[in-house]
*Asks:* 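Take a look at the following structure, please.
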There are 2 protein chains.
Amino acid sequence: MPARLKDIANDLGLSVVTISKVLRNHPDIGEATRKRVLKRMKELDYQPNLAARSLITGQTWTIGLVVPDLLHPFFAQIAKLISAEVRKKGYSLFISSSDEDPELERQEIKQLLARRVDVMLIASAQWTIETFRQIEQQKIPYILLDRQLAGLECNFVGVDDRAVGVLATSHLAEQGCKRIAHIRGPEVSTAIGRLDGYRQALASHRMTPLPGHIVSIGKSGDHRGERGGYEAATKLLASKKRPDGIFCFNDPVALGAMRAILDAGLRIPEDVAVVGCGNLSYSDFLRVPLSSVDQGSKIIGKRAAALALALAHNKAPLRPKSELIPPHLVVRASSLRLPAAK
Amino acid sequence: MPARLKDIANDLGLSVVTISKVLRNHPDIGEATRKRVLKRMKELDYQPNLAARSLITGQTWTIGLVVPDLLHPFFAQIAKLISAEVRKKGYSLFISSSDEDPELERQEIKQLLARRVDVMLIASAQWTIETFRQIEQQKIPYILLDRQLAGLECNFVGVDDRAVGVLATSHLAEQGCKRIAHIRGPEVSTAIGRLDGYRQALASHRMTPLPGHIVSIGKSGDHRGERGGYEAATKLLASKKRPDGIFCFNDPVALGAMRAILDAGLRIPEDVAVVGCGNLSYSDFLRVPLSSVDQGSKIIGKRAAALALALAHNKAPLRPKSELIPPHLVVRASSLRLPAAK
DNA sequence: CGGTAGAAAGTAATCGTTAACTTTGGCAAG
DNA sequence: CTTGCCAAAGTTAACGATTACTTTCTACCG
């Protein structure tokens, strides 16, 4: 139904190629003809058939994004920004939410490969690197977001997770916490990095984690981790040496933990200080406003988009590029035990 | 680089068509050949080139979704669900966030039209119906989400906004509020519907809105409306007859309003009860847990996806179908002035 | 045993564009 | 006047699949 090059060509008594050349600003077209063609294109509201074009050029002007949970503000923010950035250059974005399910994610990646996207961005829930070898085999460039995989050297954009752990833990120490616990996430790079940072910061303050003070959120099935945080914090509060500061893997976990603390009749931050990570936009409005390490999701989104566009244009950096965004801490009531310094 | 039908055909000494027939389970292929072909397909990890296929079939197996703000949990939830539902049937989803900008939205719609998506889903920020006439002209089916437009008869899936207003306002009245105010949203169908419901509920409780008790959030530029809510509530609290109940257009606005109320030294819900709309997942964790009307975003997502799939398969309902989802109220502390009934 | 039906394959045309050549005609240089 | 070159077009053949039709061969029936 929509207009084709052929229609315009017939209307004007020209050949299809001539029209195509006008479309792409090819030099060897006379000024008069060019104007006639452009006029007719406007009249018919001509839109090139991108499927036909990509069939021959090999480029689809399409980018794929796979995230574990689109409902999570961190990923939503990234998705929103990437969408906005790549649109400016004429790309459209396939987005899909894998629900933290490695199998679903693999399916989705396969689907995107079949669609011949020009680049793929993945915040992965995979445990193995096998899938990525497949992508490499198809020579489609890709970028990992947020989570890295051991043994896989590839483009990466995400926060510096070790720095996250250091920032949060040092802050708690500086606020006078003596027994700082950590509620850690699952066995993925982000959680491991933050745990490392936590350990490192404790060491530089001449502390060590007390036994039982590193607990893991269970795989309780709620993606956001609120329940996991509640349960983990309950465990912590029951331990012999009750912690007076908790660094939580992320904000939802911190919410759960705070609820557990309040439910136990304790005060935040006087009895237990809490720091989360993610700096979700509602952190200001909580019962106790939550201190949180901001992962710079906006910067991540922008950098990822820029890198993706570069790769799409085959300005591929020879060696895979890894961009570590430095986090920063936003202090709110949940961890403020001293009058603001300075 | 990826394998083509031709490659398989050459390898096995068959014609391309035979391979294509196997691919599509065409009956006239012998069992032995079929197996040979399938085997080779697996070996090469063959993925059909969807661009080539859509060029000839006219179907792209692609769906477009445009929302005003992907960061808003309501839209994120819908996007996530639609993505999951349509994936099951082999569709991929283009998602883009228009930033509440009608012009950007129009561009994006144009882009999706050029891509020949099979269906389009739009939560629109348009003021006029012109753009949609264009879509109709291209004969691409579309569905409006959440927001309707006057004078446009088309497929729609969204919450029953009038019912939202009635539900929230009646609840406040039943909780003993005598001066119920409303912080309304911008001039779009959702805000208008909720305002209608508010008026209707007041009337059925033999009340009328006091002068100055319907205020609008300014276009303060923050999409979520927290600042607008704060300012609007401040105005309300300064009015001659201070309201003792406020129905807020949505949850972010309610958050802003609650902060204004607390900042003014008043208590929630004793002095002023508050009800929002959206039932955002963090409502439980707020300083005062927020009562909120749930819009059933999950149901909206599922219904929208189902309708989209039906349209994509050309099982087009003769007349455009409008699905109004009934909302329900989730009562929390911010509006609970009486001991729980029953 | 001839005729025909049907199973299993193949041929040719097509979808809308683009890439790589080729043609046409006009004009300037030799 | 011929040569050669350039501008402005056109021709032909892809791209990777599908559709509609045709061919080939086997088998079965009367």
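Letters go in sequence order (proteins before strands), and every chain restarts at 1.
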*Asks:* Please work out if B/Leu50 contacts a base, only the sugar-phosphate, or nothing of the nucleic acid, heavy-atom cut-off 4.0 Å.
*Replies:*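 Nothing, no heavy atom under 4.0 Å.
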*Asks:* Between B/Tyr91 and B/His313, what is the ring plane arrangement, given parallel below 30°, perpendicular above 60°, and tilted in between?
*Replies:* perpendicular
*Asks:* Which residues pass the salt bridge (charged side-chain N to carboxylate O under 4.0 Å, His left out) test with B/Asp146, not counting sequence neighbours?
*Replies:*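 Scan of B/Asp146 (salt bridge (charged side-chain N to carboxylate O under 4.0 Å, His left out), adjacent residues dropped) gives none.
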*Asks:* Are the side chain of B/Glu105 and the backbone of B/Ala125 linked by a donor-acceptor contact shorter than 3.5 Å?
*Replies:*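 A pair under 3.5 Å: yes.
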*Asks:* What's touching nucleotides 21-23 of chain D from the protein side, N or O pairs under 3.5 Å?
*Replies:*
none

*Asks:* Just by distance, no angles: are the side chains of B/Ser54 and B/Thr57 close enough, under 3.5 Å, to form a donor-acceptor pair?
*Replies:* no
*Asks:* Expressed as a whole number of angstroms, how long is the span from B/His26:NE2 to D/dT19:C1'?
*Replies:*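 Checked: the NE2 to C1' distance equals 10 Å.
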*Asks:* Without decimals, in angstroms, what is the distance between A/Gln59 CD and D/dG16 C1'?
*Replies:*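 Taking atom C1' of D/dG16 as the reference, CD of A/Gln59 is at 18 Å.
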*Asks:* Answer yes or no: are there more than 12 heavy-atom neighbours, outside A/Ile135 itself, under 6.0 Å from its atom CD1?
*Replies:*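 More than 12 heavy atoms, drawn from other residues, nucleotides or ligands, come within 6.0 Å of this atom.
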*Asks:* Phosphate oxygens OP1/OP2 of D/dG16: is one of them under 4.0 Å from a side-chain N or O of B/Tyr46?
*Replies:*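 Indeed not, no polar side-chain atom of B/Tyr46 lies that close.
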*Asks:* Using whole Å, what does the distance between atom P of nucleotide D/dA20 and atom CZ of B/Arg24 come to?
*Replies:*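 That distance rounds to 10 Å.
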*Asks:* Specify the residue among A/Arg4 and B/Arg34 whose closest nucleotide of DNA chain C lies further upstream toward the 5′ end.
*Replies:*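 Nearer the 5' end of the strand: B/Arg34.
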*Asks:* Taking only the side-chain heavy atoms of A/Thr57 (C-beta and beyond), determine which of C/dA19, D/dG16, C/dG10 contains the nearest atom.
*Replies:* C/dA19
*Asks:* Quick one: label B/Thr33 by what it contacts on the DNA or RNA (base, sugar-phosphate, nothing), any heavy atom closer than 4.0 Å.
*Replies:* sugar-phosphate
*Asks:* B/Arg116 has an atom CZ; how far is it from atom C1' of C/dC15, in whole Å?
*Replies:* 12 Å
*Asks:* Between B/Glu31 and A/Arg53, which residue's closest nucleotide on DNA chain C lies nearer the 5′ terminus?
*Replies:*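 Closer to the 5' end of DNA chain C: B/Glu31.
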*Asks:* Within this structure, what is the CD1-to-P distance between B/Ile56 and C/dA13, rounded to whole angstrom?
*Replies:*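 In whole Å, C/dA13 P and B/Ile56 CD1 are 14 Å from each other.
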*Asks:* For B/Ser20 and D/dT18, is the shortest distance between a side-chain N/O and OP1 or OP2 below 4.0 Å?
*Replies:* yes
*Asks:* For B/Lys6 and D/dT18, give me the distance from atom NZ to atom C1', rounded to whole Å.
*Replies:* 16 Å
*Asks:* Once you round it to whole Å, what is the distance between P of C/dG16 and CZ of B/Arg115?
*Replies:* 18 Å
*Asks:* Should B/Thr18 be listed as having a side-chain N or O under 4.0 Å from OP1 or OP2 of C/dG10?
*Replies:* yes
*Asks:* Measure from CZ on B/Arg36 to P on C/dA9 and round the result to the nearest Å.
*Replies:* 9 Å
*Asks:* Check this for me, if you would: do B/Asp99 and A/Lys80 make a salt bridge, where the nitrogen-to-carboxylate-oxygen distance has to be below 4.0 angstrom?
*Replies:* yes
*Asks:* So if I apply the side chain to side chain contact (heavy atoms under 4.5 Å, CB included) rule between B/Gln47 and each of B/Leu50, B/Asp45, B/Asn49, which one comes out positive?
*Replies:* B/Asp45
*Asks:* Between the axis at one end of the helix from C/dC1-D/dG30 to C/dG30-D/dC1 and the axis at the other (five pairs apiece), what's the angle to 10 degrees?
*Replies:*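 Both end axes considered, the difference amounts to 60°.
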*Asks:* NA contact type, A/Ser15, heavy-atom cut-off 4.0 Å: base, sugar-phosphate, or nothing?
*Replies:*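 Answer is base: heavy atoms of A/Ser15 come under 4.0 Å of a base.
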*Asks:* Of all the nucleotides listed (D/dT19, D/dA17, D/dA9), which has the minimum atom distance to the side chain of A/Ile29?
*Replies:*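 Nearest to the side-chain atoms of A/Ile29, counting from C-beta on, is D/dA9.
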*Asks:* Within a radius of less than 6.0 Å around CD of A/Glu153, do more than 12 heavy atoms belonging to other residues, nucleotides or ligands occur?
*Replies:* no
*Asks:* Is there a donor-acceptor contact under 3.5 Å from the side chain of A/Arg115 to the main chain of A/Gln111?
*Replies:*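 No, the answer is negative, given that no donor and acceptor are paired below the 3.5 Å cut-off.
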*Asks:* Only one of A/Ile143, A/Leu113, A/Leu311 passes side chain to side chain contact (heavy atoms under 4.5 Å, CB included) with A/Met120; say which it is.
*Replies:*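 Only one of A/Ile143, A/Leu113, A/Leu311 forms a side chain to side chain contact (heavy atoms under 4.5 Å, CB included) with A/Met120, namely A/Leu113.
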